[in-house]
Each structure stands twice: as C-alpha cells, then as structure tokens.
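One-based numbering along the sequence shown. This one's a predicted model, so the numbers in the text were calculated from it and none came from an experiment.
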Amino acid sequence: VLLTNLEKSISSDSLYYWSNKDSANAIGHVLLNDSLRTLNAGKLKYWITNGYNGYSFHASENVIINDGPNEIKGSEIKYHDIIQEMLITGDASIIRENQKLFGDEININYTDSLINQININGDPIAYNSIYARVTPESKLIYFEDVMNSNSMIISYSNNLLQNVKLVGMANSIYHVVEDSLLKGYNDVTGDTIKLSFVHEDLERMEVFGGGRGTFYPEKNNSNLDGIINYEANSIDYKIIDDENYFYEGAIIKHIDTEL
C-alpha cells in the first residue's frame, strides 16, 4: 500500500487513512519518505500538523530513522512537531559522523532541521571518534573518547558539538592529541564532568566533586616514564592551553613523587 502527500510518502503492508483528521496508521514493513528523512518501522501512526516538518508521528517495532547525518534507532520513537521534540525509548541510539550515543531513553530537541540538544537517561554512554599518530611517521589510527554517567546533556550549535555535561558518577576517557600526535590519554571520574568543544575538538574539561584521574602517557611521544595519578575536589583541564588546575585537597603522584 502506498500513500503520497506532496513531498511525503508512506508504504506498508496495510494502511488506514482518515481524511477528516489528516492522519494514518501503517502496519507492516513501514517506510516513510520525505525531503528530510526516511523512517523504517513495524508500525506507524502519522498525523498532519502546522509545525516545521508538517507532521508528527509515533513509530514502534525496530524503528530506524535516517535524518541527514544522523542514524536514529529505538524500539519506539515519538516525534511532536509543534514543539520539535523526539523521544526514543528501548535500546535508543544516535550515530553521527564522529559520535555515537546510547541510552535507555534519548530526548532530542530540534531547532528547525538541526539538533539543538540531546538528553540521555538510563545508562547513557557516548563515544567520540578521533584519529592520531603514535609516531611522527605512522599513519593515522582510530581512537575513541568514552563518556558515561547517570544522565547526560549534549548541546549543539549549528549542528556542531558544543558541550557535553555528565551528571552523577561521571567518567570520561579522553585522548590528548597535539599536532595529530597522540600524547596519551586521561581516565577521569567525578560527580559531574563538563566537556567543551570547538569545531568538535575537545578544548576544555571541568570536573566537579570528588575528581580523580590517571594520565597514561604514550611512550613514544612523552618525556614521562610512568603514569600520573591525581585527585582534587575540582579539576579544570584547559586542553587547548595545555594547562591543568587542581582545587581543594589536590594530590598528584608520579612514580615516587607526590605533590
């Protein structure tokens, strides 16, 4: 069965359409196509709105949305066009060019066609892709920065990653790269961690409450001959300036040296 409406179409095994309500129910191998996205699902409820996209929907059963640079998956996805919010539940995920997001529940806030903010609850975890060399002569190698916490808030500006806030039992593993050369990586925990990005490159990380971490130097590119353990109530990594600040109860250990 095929239903077409201007630039949109819905195909499925069976379809029920109510012209007086401008709505439809599609069941079985559902495919929705429009100028902005494609949606595959087992079931779809669809209705016309006066919002930006012109329709809202409630999709279920292994939903996959290809939305520009984003692949969005979940057991169930609801989109409210008037307020431009999308709720993804059940094995929720968003895959972007350099980022992968997972959680039990993901809420997306759009500004027109662009993602403005993402909130993740229930075992959220995020991966950021980076490439670096382990020696000046080597090829670029793929690495992943990893972030997890009890909840996660991710902000974007003009579709570029701007901030990530990890709240509750926060942990971040991030790689330190200078002129494409891997210097090592940090494994950091705290009550709350805020990461700030410029052109999707990490430039600053702030840790609030019970900050602890370990820096593992890359042996080929560092003068350090061992790991560094550190802790403080709050920590400010100004990565772009290569400066670290430790506040309240600061302890730094390197081999036999303690500060």
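- No more than 12 heavy atoms of other residues, nucleotides or ligands sit less than 6.0 Å from atom CZ of R212.
- A side-chain donor-acceptor contact under 3.5 Å links S129 and Y142.
- At most 12 non-hydrogen atoms from other residues, nucleotides or ligands lie less than 6.0 angstrom from NZ of K43.
- Of the possible polar contacts, one joining the N70 side chain to the D67 backbone as a donor-acceptor pair under 3.5 Å is found.
- For the residue pair Y52 and D112, no side-chain donor N or O sits within less than 3.5 Å of a side-chain acceptor on the partner.
- A donor atom on one side chain and an acceptor atom on the other are not found under 3.5 Å apart for H175 and E144.
- For R96 and E71, the salt-bridge test fails: no basic side-chain N is under 4.0 Å from an acidic carboxylate O.
- In terms of hydrophobic clustering, with Ile, Leu, Val, Met, Phe, Trp and Tyr side chains grouped at heavy-atom distances under 4.5 Å, I108 and I64 are assigned to different clusters.
- Atom CG of D179 is surrounded by 12 or fewer heavy atoms from other residues, nucleotides or ligands within 6.0 Å.
- The closest side-chain donor-acceptor pair between Y55 and D34 falls under 3.5 angstrom.
- For R133 and S138, the side-chain atoms include no donor-acceptor pair closer than 3.5 Å.
- Between the side chains of Y230 and N186, at least one donor-acceptor pair of N or O atoms lies under 3.5 Å.
- Checked by atom type, the side-chain pair T135/N220 shows no donor-acceptor distance below 3.5 Å.
- With 3.5 Å as the limit, one finds a donor-acceptor pair spanning the side chains of S196 and N163.
- There is a side-chain donor-acceptor pair under 3.5 Å between N53 and Y79.
- N40 and N62 are not linked by any side-chain donor-acceptor pair at a separation below 3.5 angstrom, with hydrogens and angles left out of the test.
- Side chains of D81 and S56: no donor on one and acceptor on the other come within 3.5 Å.
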